[in-house]
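Every chain is numbered from 1, with letters handed out A, B, ... down the list of sequences. Atom set for the values below is all heavy atoms of this structure, side chains included, hydrogens, waters and symmetry mates excluded.
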Amino acid sequence: MREKTVIAPHLLEWYDRHARVLPWRMPPGTGTGDPYRVWLSEVMLQQTTVAAVKAYFTRFTTLWPRVEDLAAAEDAAVMAEWAGLGYYARARNLLACARKVSESGGFPDTREGLGVLPGIGPYTSAAIAAIAFDRPETVVDGNVERVVSRLFAVETPMPGAKPILRDLADTLTPDTRPGDFAQAMMDLGATICTPRNPACGICPLVHDCKARALGIAADLPRKAPKKAKPLRQGVAWVGFTNGAVLTERRAEKGLLGGTLAFPSTGWDGSALPAPADADWREIGTVRHIFTHFALDLTVMTAPLRGAPRRGDLLALDHFNPKALPGLMRKVWDLAAPDGLARAGASARNRR
DNA sequence: CAAACGTGGCG
DNA sequence: TCGCCAAGTTT
């Protein structure tokens, strides 16, 4: 039987004084929040920084204050609002989840019930159950893994240590205020028990921390070395008519799935032809770093004459570059000045 | 179960 | 400049 380390009361005391004020968060000790806002924030926060999420959360909750409002939204509208936040499968799952929840009259109030919904995995189901429904679930994210690996000086490298850390975290979860406890662990990891240069001097758990005692806090959790990212190449075409630009909705599955884009070759060596016969001119190259590869995308522009073979002509009046994912934003920023000028020129030349 | 899946900030 | 990292999920 493992000796049980009781840190919850002490950590909650710290949280009561130092909790970050966040748009989706109830102040410490004030009970559970709106499940819709908890869910929306948790999905947005998956692998995404608090700073990046804030504006998106405010925008989404303004446009769609209730889950029923989001459920009724157009796919393209949600994708456009999500643009720039990354991991676009989240946006597609978000809508699918909103529609299921809306149909069934509200969010399930257990980890098990939440866990079967699209886009809600082990972390998010436990987080919503604890934060929105006061269930004593153990919430394990990257922060908690780091904090626990240090508290117990777990030297097993990640990701192999995950089940070990989860079991250890389980021994810490209190029956009272589990939602605040989960958020306290995450706040501690985000502000004090940070990946590099942890601020052990002001840590409320410094006397409970085995890694600190051993002088190895900053070295945990141990991680296997990462693989190098390959560099891939491709071509993107930005075609213009006098008042429109040639765009394309990417396939639902895969990279940038469901997002607005400019026609391009595949980025794995597959050579798709240009979407239209035109006087394509190379403008330059944009580099973009994805999670598992880097991409150099050569950008071509041209005024379009006949009908394109693929893609959709989108009137410039209805085209918002902010609705593009980051890569395509870079393509647009590079192509727009020259392309618009040439399209304008060609329109004049035709006269 | 390893790999796919975005993006921006920081040291 | 560049690698690391962030409130993970899906296949």
K.L.:
Base, sugar-phosphate, or nothing: which does A:Gly257 touch, judged by heavy atoms less than 4.0 Å apart?
P.N.:
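Since no nucleic acid heavy atom lies under 4.0 Å of A:Gly257, the category is nothing.
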K.L.:
Relative to the 5' end of DNA chain B, which residue comes earlier, A:Tyr88 or A:Asn197, by the nucleotide with the nearest heavy atom?
P.N.:
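Whichever sits nearer the 5' end wins; that is A:Tyr88.
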K.L.:
In plain terms, say whether A:Arg305 and A:Asp277 are close enough for a salt bridge, that is, a side-chain N and a carboxylate O under 4.0 Å apart.
P.N.:
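Judged by the 4.0 Å cut-off on N to carboxylate O distance, A:Arg305 and A:Asp277 do not form a salt bridge.
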K.L.:
Roughly how far apart are A:Tyr88 OH and A:Asn93 CG, rounded to 0.5 Å?
P.N.:
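Result: 15.0 Å between the selected atoms.
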K.L.:
Quick one, A:Gln183 and A:Leu22 - any side-chain contact, counting heavy atoms below 4.5 Å?
P.N.:
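A:Gln183 vs A:Leu22: side chains apart.
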K.L.:
What contact category does A:Thr124 fall into here, base, sugar-phosphate, or nothing, at under 4.0 angstrom with non-hydrogen atoms?
P.N.:
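Here A:Thr124 touches the backbone only, sparing every base.
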K.L.:
At under 4.0 Å between heavy atoms, what does A:Arg20 touch on the DNA or RNA strands: base, sugar-phosphate, or nothing?
P.N.:
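Here A:Arg20 touches the bases of the nucleic acid.
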K.L.:
Does A:His292 make a side-chain N or O approach to OP1 or OP2 of B:dC5 shorter than 4.0 Å?
P.N.:
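Affirmative; the distance criterion is met.
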K.L.:
Would you mind classifying the nucleic acid contact of A:Pro159 as base, sugar-phosphate or nothing, using non-hydrogen atoms under 4.0 angstrom?
P.N.:
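The residue A:Pro159 makes no contact with any strand.
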K.L.:
Expressed as a whole number of Å, how far does the P atom of B:dA3 sit from that of C:dA7?
P.N.:
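It comes out at 23 Å once rounded to the nearest Å.
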K.L.:
How is A:Lys227 classified with respect to the nucleic acid when contacts are heavy atoms under 4.0 Å: base, sugar-phosphate, or nothing?
P.N.:
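Touches sugar-phosphate only.
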K.L.:
Name the nucleic acid region contacted by A:Val139, choosing base, sugar-phosphate or nothing; use a 4.0 angstrom heavy-atom cut-off, strictly under.
P.N.:
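No contact.
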K.L.:
Touch check for A:Leu256, heavy atoms < 4.0 angstrom, all strands: base, sugar-phosphate only, or nothing?
P.N.:
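The residue A:Leu256 makes sugar-phosphate contact but no base contact.
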K.L.:
Once you round it to whole Å, what is the distance between P of B:dG6 and CE of A:Met328?
P.N.:
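About 12 Å, once rounded to whole Å.
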K.L.:
Whole-Å distance between C:dA7 C1' and A:Asp141 CG?
P.N.:
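The answer, rounded to whole Å, is 5 Å.
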K.L.:
I need the CG-C1' distance between A:Leu45 and B:dG9, as an integer number of Å.
P.N.:
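About 16 Å, once rounded to whole Å.
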K.L.:
Can you tell which of C:dA7, C:dC5, B:dC5 lies closest to the side chain of A:Asn143?
P.N.:
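The answer is C:dA7, which lies nearest to the side chain.
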K.L.:
Does A:Lys253 put a side-chain nitrogen or oxygen below 4.0 Å from OP1 or OP2 of C:dT10?
P.N.:
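Checking A:Lys253 against C:dT10: no side-chain N or O falls below 4.0 Å of OP1 or OP2.
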K.L.:
Is the shortest side-chain N/O distance from A:Arg90 to OP1 or OP2 of B:dG6 below 4.0 Å?
P.N.:
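So the side chain of A:Arg90 is outside the cut-off, no N or O lying under 4.0 Å from OP1 or OP2 of B:dG6.
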K.L.:
Starting at atom CZ of A:Arg222, determine the distance to atom P of C:dC4, rounded to an integer number of angstrom.
P.N.:
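From A:Arg222 CZ to C:dC4 P: 16 Å.
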K.L.:
Just to confirm, is there a sub-4.0 Å distance from OP1 or OP2 of B:dA4 to any side-chain nitrogen or oxygen of A:Tyr87?
P.N.:
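Indeed not, no polar side-chain atom of A:Tyr87 lies that close.
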K.L.:
Taking A:Trp64 for the side chain and A:Thr62 for the main chain, is one N or O donor matched with an acceptor at less than 3.5 Å?
P.N.:
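Side chain of A:Trp64 to backbone of A:Thr62, a donor-acceptor pair under 3.5 Å: no, none is there.
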K.L.:
For A:Arg25 and for A:Arg287, find the nucleotide of DNA chain C with the closest heavy atom, then tell me which residue's nucleotide is more 5'.
P.N.:
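Going by which nucleotide is closer to the 5' end, it is A:Arg287.
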K.L.:
Assuming nearest nucleotide by heavy-atom distance, tell me which of A:Phe293 and A:Ala51 is located more 5' along DNA chain B.
P.N.:
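Upstream on the strand: A:Phe293.
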K.L.:
What contact category does A:Trp82 fall into here, base, sugar-phosphate, or nothing, at under 4.0 angstrom with non-hydrogen atoms?
P.N.:
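No contact.
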K.L.:
Whether A:Gln47 contacts C:dG8 is assessed here as follows: a side-chain N or O lying under 4.0 Å from the phosphate OP1 or OP2. Is that the case?
P.N.:
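Yes, within the criterion.
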K.L.:
Answer yes or no: side-chain N or O of A:Thr291 and base N or O of B:dG6 forming a donor-acceptor pair under 3.5 Å.
P.N.:
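Yes.
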K.L.:
In whole angstroms, how far is the C1' atom of B:dG6 from the CD1 atom of A:Ile289?
P.N.:
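My rounded result for the distance is 11 Å.
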K.L.:
On DNA chain C, compare the nucleotides closest to A:Glu42 and A:Asn93; which residue's is nearer the 5' end?
P.N.:
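That would be A:Glu42.
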K.L.:
Is A:Gly189 touching bases, backbone alone, or none of the nucleic acid, heavy atoms closer than 4.0 Å?
P.N.:
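Here A:Gly189 touches no strand at all.
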K.L.:
Report the distance from atom CZ of A:Arg329 to atom C1' of B:dG6, rounded to the nearest whole Å.
P.N.:
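Whole-Å distance recorded here is 14 Å.
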K.L.:
Before we go on, tell me: are the rings of A:Phe290 and A:His288 under 6.0 Å apart, centre to centre?
P.N.:
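When the ring centroids of A:Phe290 and A:His288 are compared, they turn out to be within the sub-6.0 Å range.
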K.L.:
Taking only side-chain nitrogens and oxygens of A:Thr48, does any of them come within less than 4.0 Å of OP1 or OP2 of C:dA7?
P.N.:
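Answer no for this pair, as no side-chain N or O of A:Thr48 is under 4.0 Å from OP1 or OP2.
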K.L.:
Select base, sugar-phosphate, or nothing to describe what A:Leu295 touches, counting heavy atoms under 4.0 Å on all strands.
P.N.:
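No contact at all - A:Leu295 keeps every heavy atom at 4.0 Å or more from the nucleic acid.
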K.L.:
Distance check, P atoms only: B:dG9 and B:dC5, in whole angstrom units.
P.N.:
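Result for the P pair: 24 Å, nearest Å.
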K.L.:
Is A:Leu327 touching bases, backbone alone, or none of the nucleic acid, heavy atoms closer than 4.0 Å?
P.N.:
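Sugar-phosphate, backbone atoms only, no base.
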K.L.:
Kindly indicate, with the supporting measurements, whether the criterion side-chain contact (heavy atoms from CB on, under 4.5 Å) is fulfilled by A:Phe293 and A:Leu255.
P.N.:
CA-CA 11 Å; A:Phe293 68 94; A:Leu255 195 63; 3.6 Å; yes
K.L.:
Taking atom P of B:dA4 as reference, at what distance in whole Å does atom CZ of A:Arg232 sit?
P.N.:
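A:Arg232 atom CZ is separated from B:dA4 atom P by 7 Å.
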K.L.:
If you measure from the Lys or Arg side-chain nitrogens to the Asp or Glu carboxylate oxygens, is any gap between A:Arg177 and A:Asp180 under 4.0 Å?
P.N.:
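A salt bridge is present here (some side-chain N lies under 4.0 Å from a carboxylate O).
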K.L.:
Test your reading of the model: is there a side-chain donor-acceptor pair from A:Arg92 to the backbone of A:Glu252, 3.5 Å cut-off?
P.N.:
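Side chain of A:Arg92 to backbone of A:Glu252: a pair is present.
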K.L.:
Could you tell me how far apart A:Lys226 (NZ) and B:dA4 (P) are, to the nearest whole angstrom?
P.N.:
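Going from A:Lys226 (NZ) to B:dA4 (P), I get 14 Å.
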K.L.:
Using a cut-off of strictly less than 4.0 Å, decide whether A:His288 has a side-chain nitrogen or oxygen near OP1 or OP2 of B:dG6.
P.N.:
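Answer is no, no contact under 4.0 Å.
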